[in-house]
Protein chains: 2
Amino acid sequence: MILLEVLKSLSNQTRLNILEWLKEPFAHFPEDELADYSPEFGVCVSDIAKKAGMSVPTVSVYLKTMMSANILIATRKDQWTYYKRNEEAIQELAQYIKVSL
Amino acid sequence: MILLEVLKSLSNQTRLNILEWLKEPFAHFPEDELADYSPEFGVCVSDIAKKAGMSVPTVSVYLKTMMSANILIATRKDQWTYYKRNEEAIQELAQYIKVSL
DNA sequence: TAGGTATTTAGGTAATTTCCTAAATTTGCA
DNA sequence: TGCAAATTTAGGAAATTACCTAAATACCTA
């Protein structure tokens, strides 16, 4: 884990929100958009962009940033890219801060 | 705790380094600079600036930023301002990430 | 192969952050 | 009172980040 990279990826309100939304997709995204939702894959880029009220390209880059930091996991499926949280990495971050920061 | 503010205050390599140095001052600062060191107060601005290899004003602002985020605690004593880590706030951050992020 | 949907990449402007030097302030002490 | 040391505040240049729109790419299906 590259701590600075992880912290940078989390130091933006929209990116923090995305992480929250992905924790409970059904509480944050319209049900019809989650018609084919599976916790294995997550939520696709355009649904997240719509929820964020930002352009798809901006959110695409945000998601990619968080994936590079290993906080999100991406899965390409047909023409969609689904993103979900990397719970292990988030716990690793918490543990690192607790014992090593 | 304002999560975004805390994360921003930590998303800079120099500020992360400062937090590390303050964890074990004797391992990171020259002994003579720590002549009157006390864990109750910490290390003064100019010693931290020297260690960082940056100007005093820059480091002064960095420290103030981290204090505003509640990650550091400042104590003014005569003409010196000493900074130490806020261990409770750091643990609170770790816990927040663990259970709520 | 053509056309449609989803995503990514490129390129640009505005805002923020990084870091400096100079000036102002705080505090101790002769 | 007035100088000296430590710090903070002000102001500015350069780099990075935050967003956008337009264009390119990926992948489906007819």
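In what follows, chains carry the letters A, B, and so on, assigned in the order in which the sequence lines appear, proteins first and then strands, with residues in each chain numbered from 1.
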Between [X] and [Y], which heavy-atom pair has the shortest distance, and what is it?
X: B:Leu93; Y: B:Val6; value: CD2-CG1, 3.8 Å
X: A:Leu22; Y: A:Leu72; value: CD1-CD2, 3.8 Å
X: A:Ser11; Y: B:Ser11; value: OG-OG, 3.6 Å

Looking only at atom types and distance, does a side-chain atom of [X] sit under 3.5 Å from a main-chain N or O of [Y], one as donor and one as acceptor?
X: B:Gln91; Y: A:Lys98; result: yes
X: B:Arg85; Y: B:Gly42; result: no
X: B:Arg76; Y: B:Asp78; result: yes

Nearest-Å distance for atom pair CE/P, residues B:Met54 and C:dT17: 16 Å
Stretch residues 4-38 of chain A: residues that reach within less than 4.0 Å of DNA chain D through a heavy atom: A:Lys8, A:Asn12, A:Arg15
Any B:Ser55 side-chain N or O less than 4.0 Å from OP1/OP2 of C:dC20: yes
Net bend of the helix from C:dT1-D:dA30 to C:dA30-D:dT1, end axes of five pairs each, nearest 10 degrees: 10°
Closest-nucleotide ordering on DNA chain D, the 5'-leading residue of A:Val59 and A:Asp78: A:Val59
Reported CG-to-CG distance for the pair B:Asn86 and B:Asn70, which is rounded to 0.5 angstrom: 5.0 Å
Nearest-0.5 Å distance that lies between atom CG in B:Leu63 and atom OG1 in B:Thr81: 9.0 Å
Sequence-aligned protein contact record of nucleotides 3-14 of chain C, with B where the base is within under 4.0 Å of a protein heavy atom and S where only the sugar-phosphate is: --BSSBB-----
Parallel, tilted or perpendicular: ring planes of B:Trp21 versus B:Phe29, cut at 30 and 60 degrees: perpendicular
Aromatic plane relationship, B:Tyr82 with B:Phe41 - under 30° parallel, 30 to 60° tilted, over 60° perpendicular: tilted
